[in-house]
Amino acid sequence: MSRPQLLSAHVGHWTGSGTGVTVILPPPGTVGSGEVRGGAPATRDFALLEPGRLVEQVDAVVLSGGSAFGLAAVDGVMGLLRERGQGFPTPFGPVPIVVGMSIFDESVATGPPGPGSGREAALAALTGQPLRSGTAGAGAGARTGRWRTEPSPGGLGVATGRAGPAAVAAVAVVNAWGDVLDETGRPVFGGLPVTDPAVQLGLQNTTIAVLLTDAKLSKLDCHLLAQSGHTGFARALHPAHSRYDGDAVVALATGEADGADLDLLRATATEVMAAAIRNAVIRPA
C-alpha cells in the first residue's frame with residue numbers, strides 16, 4: 001500500500017462535473033463517533049457512531065455530492081473493502097463499517113455519484129494520489145453564502161495541528177447556507193454580515209467534515225471530539241447549523257499516540273476545523 005496522505009489515513013478523490021466523492025480510509029482498529037447538528041442531513045449509517053452502539057471501529061468515511069442519491073457511493077467503497085477482507089466480522093464474512101455524508105449539489109439533477117465513483121475515490125486513496133483541496137472530490141460542486149443574492153465559492157479544505165503528543169487533522173466540505181468567516185469574524189465573501197438575507201429559504205446546503213487524530217481515544221472521547229468540531233463550524237460559518245444545513249462531523253482516532261489530554265485535543269480540534277473550513281474557500285496565491 002502507498003504512503004498515507006493525511007496522518008496515518010489514506011484519502012482519495014473522484015471528481016466529476018460539478019460533483020465528486022472523497023474517501024477517507026483510516027488504518028485498521030480506528031475508533032470513531034460523530035454528531036449531526038444541522039436540520040437537513042444526508043447521512044448513511046451515522047447511528048452506528050452513537051456512543052452506546054455496538055460497533056466502535058470505522059473502516060471508511062465517504063463524503064460525496066448528490067445529496068441522498070450520492071450516498072450510493074458508499075456501496076462502491078464497501079465492495080472494495082470486502083474484497084480486501086476488511087470489516088466487522090460476521091459468520092458470513094466481514095461487513096465493512098462505512099459512514100456516508102453528502103452535500104446537495106447540481107448533480108441531484110444531472111447525475112449524482114454512484115458506487116463506481118466511490119470505488120474510484122477509494123482506489124485513488126490506496127494508490128497514493130496527492131490530496132487536493134478546493135474544488136476537488138466532494139467539494140467540486142460546493143457553494144457558500146446561499147442566503148445572499150449570489151452564492152460564493154465553496155469547496156474542500158484540509159488543516160492540521162498538534163495537541164501535545166497527538167496530531168489532529170480536519171477535512172471539511174463546505175457548502176453552507178451562510179458565510180465563511182475569516183479569523184476576524186468578517187465574511188470572506190459578500191461584504192458586511194447579512195442582517196436581512198436576500199434569499200430567505202435554502203434547501204441546497206450542508207457542511208460535512210471529518211476530524212482525524214492519532215491519539216488513543218474511546219468511542220465516547222471521539223463523540224466529544226466531534227462536538228468540538230462543531231464548535232469550529234460556529235467559529236468559521238455564520239450562521240452554522242441552520243434548519244437548511246445538514247451539518248455533520250465524524251471524529252476518528254487511530255490510536256498511535258498515548259498520553260494526549262482530551263480537553264487540549266478538543267480545543268485544538270476546534271481551531272483545526274475552523275482552519276479547514278476557511279482553507280476550503282481561500283485558495284493559495
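- Taking 4.5 Å as the limit, some side-chain heavy atom of P96 sits within range of a side-chain heavy atom of R82.
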Working note: V210 + L252, criterion side chain to side chain contact (heavy atoms under 4.5 Å, CB included); need CA distance, chi angles, decisive distance, verdict. CA-CA 7 Å; V210 175; L252 303 174; 4.0 Å; yes

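- Among all heavy-atom pairs drawn from A226 and G34, the shortest one is CB-CA, 3.8 Å.
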Show every donor-acceptor pair shorter than 3.5 Å between a side-chain atom in residues 257-264 and any protein atom, with sequence neighbours excluded, or say none if there are none.
from	atom 1	to	atom 2	distance (Å)
D261	OD2	D263	N	3.1
D261	OD2	L264	N	2.9

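- Considering all non-hydrogen atoms of both residues, T15 and A140 come closest at CG2-CB, 3.9 Å.
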Kindly determine whether L237 and D179 satisfy side chain to side chain contact (heavy atoms under 4.5 Å, CB included), including the steps that lead there. CA-CA 6 Å; L237 295 170; D179 295 318; over 6 Å; no

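- Follow the hydrophobic side-chain contacts under 4.5 Å out from V158 and you reach V11 in the same cluster.
- Looking only at side-chain heavy atoms (C-beta outward), R53 and V55 stay at 4.5 Å or farther from each other.
- Under a 4.5 Å side-chain heavy-atom cut-off, the cluster of Ile, Leu, Val, Met, Phe, Trp and Tyr residues that includes L181 has no other member.
- The aromatic rings of Y244 and W177 sit perpendicular, their planes meeting at an angle over 60°, well past the 30° parallel limit.
- Rounding to the nearest 0.5 angstrom, the gap separating the CD atom in E56 from the OG1 atom in T30 is 12.5 Å.
- Remark: side-chain polar atoms of T270 are paired, donor with acceptor, to backbone N or O of S228 under 3.5 angstrom.
- Side chains of L225 and V168 form no contact here, defined as non-hydrogen atoms less than 4.5 Å apart.
- The side chain to side chain contact (heavy atoms under 4.5 Å, CB included) test applied to Q129 returns A124, T127, not counting sequence neighbours.
- When the side chains of ILVMFWY residues are joined at heavy-atom separations under 4.5 Å, either directly or via intervening members, V61 and L212 end up in a single hydrophobic cluster.
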Do V58 and L49 pass the side chain to side chain contact (heavy atoms under 4.5 Å, CB included) test, and can you show the C-alpha distance, the side-chain angles, and the key distance before you say yes or no? CA-CA 9 Å; V58 175; L49 300 176; 3.8 Å; yes

Could you walk me through whether V31 and L217 satisfy the side chain to side chain contact (heavy atoms under 4.5 Å, CB included) test, starting with their C-alpha distance in whole Å, then the side-chain angles of each, then the deciding distance to 0.1 Å, before giving a yes or no? CA-CA 7 Å; V31 176; L217 300 180; over 6 Å; no

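- You'll find the side chain of R146 reaches within 4.5 Å of the side chain of N175, heavy atoms only.
- Atom OG1 of T207 sits about 5.0 Å away from atom CG of D247, to the nearest 0.5 Å.
- Legend: residues meeting side-chain hydrogen bond (donor to acceptor under 3.5 Å, both in side chains) with R162, ordered by chain and number and at least two apart, are absent.
- Applying the salt bridge (Lys or Arg N to Asp or Glu O under 4.0 Å) rule to R266 yields no partners; only residues at least two apart in sequence or on another chain are considered.
- S33 contributes no side-chain N or O that, together with a main-chain N or O of C222, makes up a donor-acceptor pair within less than 3.5 Å.
- The salt bridge (Lys or Arg N to Asp or Glu O under 4.0 Å) test applied to R37 returns E35, not counting sequence neighbours.
- Looking at H10, its side chain does come within 3.5 Å of a backbone N or O of S2 through a donor-acceptor pair.
- Between L6 atom CG and T160 atom OG1 the span is 7.5 Å, to the nearest 0.5 Å.
- The side-chain hydrogen bond (donor to acceptor under 3.5 Å, both in side chains) search around R44 returns D75, not counting sequence neighbours.
- Inter-residue side-chain proximity for E256 and L7 is flagged as unmet; no heavy-atom pair is nearer than 4.5 Å.
- Considering only residues two or more places apart in sequence or on other chains, A280 meets the side chain to side chain contact (heavy atoms under 4.5 Å, CB included) condition with V174.
- Atom CZ of R143 sits about 8.5 Å away from atom CD of E150, to the nearest 0.5 Å.
- In this structure, the side chain of Q5 engages the main chain of A125 through a donor-acceptor pair within 3.5 Å.
- Using a 4.5 Å cut-off on side-chain heavy atoms (C-beta onward), D45 and I97 make no contact.
- Judged as a side chain to side chain contact (heavy atoms under 4.5 Å, CB included), and not counting sequence neighbours, the contacts of A138 are T22, L63, V173.
- Using modelled atom types, one side-chain atom of S64 and one backbone atom of G70 make a donor-acceptor pair closer than 3.5 Å.
- Residues passing the side-chain hydrogen bond (donor to acceptor under 3.5 Å, both in side chains) test with S242, sequence neighbours excluded: D245.
- V23 and G118 make their closest contact through CG2-O, 3.9 Å (heavy atoms, listed as atom of the first residue, atom of the second, distance).
- The side-chain heavy atoms of D59 and F88, taken from C-beta on, include no pair separated by under 4.5 Å.
- Residues F233 and I277 have side chains in contact (heavy-atom distance under 4.5 Å, counting atoms from C-beta outward).
- A continuous path of Ile, Leu, Val, Met, Phe, Trp and Tyr side chains, each step under 4.5 Å between heavy atoms, connects L126 with M78, placing both in one hydrophobic cluster.
- For residues 90-101, no residue pair satisfies the side-chain hydrogen bond (donor to acceptor under 3.5 Å, both in side chains) rule, not counting sequence neighbours.
- Taken together through direct or relayed side-chain contacts under 4.5 Å among Ile, Leu, Val, Met, Phe, Trp and Tyr, I208 and V62 form parts of separate hydrophobic clusters.
- Summarising the geometry of G157 relative to S133, their closest heavy-atom pair is CA-CB, 4.5 Å, with the distance given to 0.1 Å.
- Within the structure, salt bridge (charged side-chain N to carboxylate O under 4.0 Å, His left out) contacts touching residues 95-122 (residues at least two apart or in different chains) are E83-R119.
- Put simply, V171 and F46 are part of the same group of oily side chains (I, L, V, M, F, W, Y) that touch within less than 4.5 Å, one to the next.
- The shortest non-hydrogen separation linking T43 to L71 is O-CD1, 3.4 Å.
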Could you walk me through whether S67 and S102 satisfy the side-chain hydrogen bond (donor to acceptor under 3.5 Å, both in side chains) test, starting with their C-alpha distance in whole Å, then the side-chain angles of each, then the deciding distance to 0.1 Å, before giving a yes or no? CA-CA 5 Å; S67 190; S102 270; over 6 Å; no

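- Note that CD of Q86 and CD of Q57 are 11.5 Å apart. Values are rounded to the nearest 0.5 Å.
- Minimum interatomic distance between A73 and V21 (heavy atoms only, all atoms of both residues): CB-CG2, 4.0 Å.
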